Amino acid sequence: MEAHTQPAPWLEAVAWIALGSAFLSVLAITVDIVVRGRRQHMWIMNVVYPVTALYWGPAAWRFHATRGRRSARPEVDRHGPPDPDRLPEWEVRAKAVAHCGAGCTLGDLIAEWLVFATGATIAHRALYADFALDLAFAWLLGIAFQYFAIVPMREDLGVLRGLWAAIKADTLSILAFQVGLFLGMWLYQGVLFAPGLPKTSAAYWLMMQLSMILGFFTAWPVNGWLVRAGWKERM
């Protein structure tokens with residue numbers, strides 16, 4: 001078993017505050033969608049917004065409240081869905097990155113706990129096993145998320161063509177997101193807190209939140225290009 005650096009009590013306290021605010025944001029968005037009936041016009045976004053709050057916390061709730069509700073019932077029932085061509089470019093890009101990031105986030109969570117449960121390592125480092133499984137699960141779930149965004153908007157696509165369109169649309173985005181995530185993971189596991197924080201600490205998951213935010217920004221320019229090229233749908 002690898003040695004770990006135990007986080008300072010103050011860092012653990014800060015981490016619990018950050019995680020708590022994220023969990024409350026997830027709950028608030030979920031209640032808004034499920035209980036208050038503000039379900040998204042594109043159903044996969046009902047998953048994207050709460051998952052994004054896992055790492056963006058209250059900022060994700062703010063975006064959902066000010067931007068996401070415009071694409072939700074009952075607003076869509078009254079006025080129809082917003083025209084994506086008239087939305088601000090930053091909003092379109094933010095939704096595109098959040099959509100990719102949600103699949104990556106769920107994949108990363110599954111992979112991280114799988115590595116922890118199995119004690120898997122590569123070259124005697126759990127971090128390298130994290131990298132390998134994070135990328136694999138993030139790609140699989142990211143493509144699935146993209147498939148359920150593209151196919152409902154393009155009814156001419158069958159299953160295979162829809163799957164290929166999803167792979168073409170999101171592979172570069174997923175890779176760009178993971179580059180930022182992996183850079184953050186390497187910094188906090190290999191440099192700041194070497195030989196690494198234990199996964200059972202709140203500080204570990206605070207650092208993962210920050211790494212995912214870094215991944216959000218490294219995926220930002222790629223998603224702008226994908227949307228302009230027409231490989232990714234405007235939302």
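Scope of the values below: all heavy atoms of this structure, side chains included, with no hydrogens, waters or symmetry mates. Computed from a predicted structure; not experimentally measured.
Using modelled atom types, no side-chain atom of Glu12 and backbone atom of Ser201 make a donor-acceptor pair closer than 3.5 Å. Proximity of a side-chain donor or acceptor of Gln178 to a complementary backbone N or O of Gly215 within less than 3.5 Å is not detected. Panel note: side chain His99, backbone Phe145; a donor-acceptor pair is recorded below 3.5 Å. Checked by atom type and distance alone, the side chain of Asp134 never pairs as donor or acceptor with a backbone atom of Ala111 at under 3.5 Å. Distance alone, capped at 3.5 Å, places no donor-acceptor pair between the Gln146 side chain and the Ile167 backbone. Distance alone, capped at 3.5 Å, is enough to place a donor-acceptor pair between the Asn223 side chain and the Ala219 backbone.
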Practice task
Report the C-alpha distance between Ile174 and Cys100 in whole Å, list the side-chain angles of each, state the deciding distance to 0.1 Å, and finish with yes or no for side chain to side chain contact (heavy atoms under 4.5 Å, CB included).
Solution key: CA-CA 6 Å; Ile174 292 166; Cys100 158; 4.0 Å; yes
Problem - Step-by-step side chain to side chain contact (heavy atoms under 4.5 Å, CB included) determination, Arg234 to Glu89 - result: CA-CA 9 Å; Arg234 295 180 67 89; Glu89 194 62 31; 3.4 Å; yes
Practice task
Starting from the C-alpha separation in whole Å, work towards a yes-or-no answer on side chain to side chain contact (heavy atoms under 4.5 Å, CB included) for Arg73 and Arg38.
Solution key: CA-CA 5 Å; Arg73 296 183 176 88; Arg38 292 193 174 103; over 6 Å; no
Handout entry: Verdict with supporting geometry, Leu141 and Ile110, side chain to side chain contact (heavy atoms under 4.5 Å, CB included)
Key = CA-CA 10 Å; Leu141 286 178; Ile110 294 170; 4.0 Å; yes
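Listed by first then second residue, pairs satisfying salt bridge (Lys or Arg N to Asp or Glu O under 4.0 Å) with a partner in residues 95-110 read Glu91-Lys95, not counting sequence neighbours.
In the hydrophobic clustering of ILVMFWY residues, with side-chain heavy atoms under 4.5 Å counting as a link, Tyr49 and Leu27 come out apart. One hydrophobic cluster, built from ILVMFWY side chains closer than 4.5 Å, holds both Phe177 and Phe63. Residues Leu133 and Tyr128 share a hydrophobic cluster, clusters being chains of Ile/Leu/Val/Met/Phe/Trp/Tyr side chains in contact below 4.5 Å. Tracing side-chain contacts under 4.5 Å through hydrophobic residues (I, L, V, M, F, W, Y), one never reaches Val92 starting from Trp220; they form parts of separate clusters. Following chains of ILVMFWY side-chain contacts shorter than 4.5 Å, one can reach Phe23 starting from Tyr55, so the two form part of one hydrophobic cluster.
In terms of heavy-atom proximity, Leu206 sits nearest to Leu19 at N-CD2, 4.5 Å. Between Val34 and Arg39 the shortest heavy-atom distance is O-NH2, 3.3 Å. Taking all atoms of both residues into account, the shortest heavy-atom contact from Leu109 to Trp205 is CD2-CZ3, 3.6 Å. Across all their heavy atoms, Arg93 and Gly224 have their closest contact at NE-CA, 3.4 Å. Nearest heavy-atom pair, Ala169 versus Leu226, reported as atom, atom and distance to 0.1 Å: O-CD1, 3.2 Å. Heavy-atom minimum distance, Gln40 versus Ala72: NE2-CB, 3.6 Å.
One distance of note links CD1 of Ile29 with CZ of Arg36; it measures 12.0 Å at 0.5 Å rounding. We find the OG1-CG distance between Thr30 and Asn46 to be 9.5 Å, quoted to the nearest 0.5 Å. Considering CG of Leu175 and CZ of Phe182, their distance stands at 9.5 Å, rounded to 0.5 Å. The CE atom of Met185 sits 4.5 Å away from atom CG of Asp130, with the distance rounded to the nearest 0.5 Å. The distance from the SG atom of Cys104 to the CE atom of Met212 is 9.0 Å, given to the nearest 0.5 Å. To the nearest 0.5 Å, atoms CZ (Phe131) and CD1 (Ile122) are separated by 10.5 Å.
Other residues, nucleotides and ligands contribute over 12 non-hydrogen atoms within 6.0 Å of the CH2 atom of Trp90. Few gaps surround CZ on Arg70; more than 12 heavy atoms of other groups in view lie less than 6.0 Å from it. By the 6.0 Å contact criterion, CZ on Arg86 is open, its count of non-hydrogen atoms from other residues, nucleotides or ligands being 12 or less. More than 12 heavy atoms of other residues, nucleotides or ligands sit less than 6.0 Å from atom CH2 of Trp113.
Proximity of Val97 to Ser173: side-chain heavy atoms (C-beta onward) are nowhere separated by under 4.5 Å.
For the ring pair (Phe, Tyr, Trp, His ring centres under 6.0 Å) with Tyr204, the lone residue among Phe193, Phe116, Tyr188 that qualifies is Tyr188.
Think of Val179 as one node in a network of Ile, Leu, Val, Met, Phe, Trp and Tyr side chains linked at under 4.5 Å; it has no links at all.
For the pair Lys199 and Glu112, the salt-bridge criterion is met [side-chain N within less than 4.0 Å of a carboxylate O].
Using cut-offs of 30° and 60° on the angle between ring planes, the pair Trp56 and Phe217 is perpendicular.
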